[in-house]
Amino acid sequence: MAYSNSIPVKNQTISGELILVGFSYLGELQILLFLVLLVIYVITLLGNLLVILLIKLNASLHSPMYFFLVNLSFLEIFFTSSMAPQLLVHLLVEEKTISLAGCAAQMYVSTIMGLTECCLLAAMAYDRYVAICQPLHYTTIMSGRACAQLAGASWFFGISVEVAQITWIFSLPFCGSPRIHHFICEIPPVLKMACADTSKNEIMVLTVTVVFIMGPFVLIILSYVLIISTVLKVPSAEGRRKAFSTCSSHFMVVTLFYGLALITYLGVKSSSSPESNQMISLMNIIVSPMLNPIIYTLRNKEVKGALRKTVGNTLFPQNW
Ligand SMILES: *[C@@H]1O[C@H](CO)[C@@H](O)[C@H](O)[C@H]1NC(C)=O
């Protein structure tokens, strides 16, 4: 709206390329950032592939929790891959351009994965709730079919909501400066380029955030309140420790995911410079997907056992 008054709309319509200003201000240091991010990206891909492979190869890990974990790792691979390669290339080249179509594609993939991840984390919390609070009915409630339906519903929400949201945003006319002060295409800066009334889009963004990002978070908190109150009634300290340990990996992943998202949100709200905003989102986008497989493989006895077994089988087949 602000644009339509001051800029002759017709002359300045953006139809071709956008410029992601990103980390240009770092100058030569971009090469250093490139190397660091390259290492992180490779670790993320290998770590998540390792988790998928270990779970697929080990029959002892064919339980609902690990079914969801495979789905989560699969998601993380797509999430980072929708952004990291473009960011890495942009750190090396002068011309940091992206086509409008490329920008749309990136936003489709990253937002679908983000929303699906929130729903999937809630499904995993529900799985832990049933395991601890309804142990006798666990196998009936969390049947293979129920797990597939919960994961399927997460994907359904992620895809349908975000396809609608992003398609709507990209049906707006864009004009004004094609320079985006960010290293990837994200909803807020892209909405700022629109030279139409975006208030309805902003309402949709807010609604989606409340229903599909904060909604699952409330369900996760509720599950953990019920889990903790059940576990505290267990008489023996050993029993309590065991029950908590089956939830600790999920708890850490959720804390990390929502913790970083909250820090990003608060950081972006309180900071005035695009430079520090970018550093904060970088943490959220690049670092978080790397840590999940590390948490699950290093913190989890069952996965560590499976890792030892698989590596042992490959290296010393005759011993096993
Ligand atoms: C994730 O869950 C969906 C829905 O149940 C399923 O179709 C898909 O195969 C799963 N993906 C992986 C990699 O397991």
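For this chain, numbers begin at 1 and follow the sequence in order. Read the numbers this way: they start at 1 and go in the same order the structure lists the ligands and their atoms.
Protein heavy atoms are found inside the 4.0 Å sphere centred on atom 11 (N) of ligand 1.
The only member of Thr209, Val208, Ile203 that meets side chain to side chain contact (heavy atoms under 4.5 Å, CB included) when paired with Val205 is Thr209. For the pairing with Phe183, the ring pair (Phe, Tyr, Trp, His ring centres under 6.0 Å) check across Tyr25, Phe23, Phe34 returns one residue only, Phe23. With respect to Phe251, the ring pair (Phe, Tyr, Trp, His ring centres under 6.0 Å) criterion is satisfied by exactly one of Phe244, Tyr224, Phe257, Tyr258: Tyr224.
Closest to atom 14 (O) of ligand 1 among all protein heavy atoms lies Val70 CG1, 3.6 Å. With hydrogens left out, the protein atom closest to atom 4 (C) of ligand 1 is Gly152 N, 3.5 Å, a heavy atom. Here the protein heavy atom with the shortest distance to atom 6 (C) of ligand 1 is Asn71 ND2, 4.3 Å.
Side chain of Ser81 to backbone of Phe78: no donor-acceptor contact under 3.5 angstrom is found.
Between Ala148 and ligand 1, a contact under 3.5 Å exists for at least one N or O pair.
Annotation: Met283, atom CE; neighbour count of heavy atoms from other residues, nucleotides and ligands within 6.0 Å does not exceed 12.
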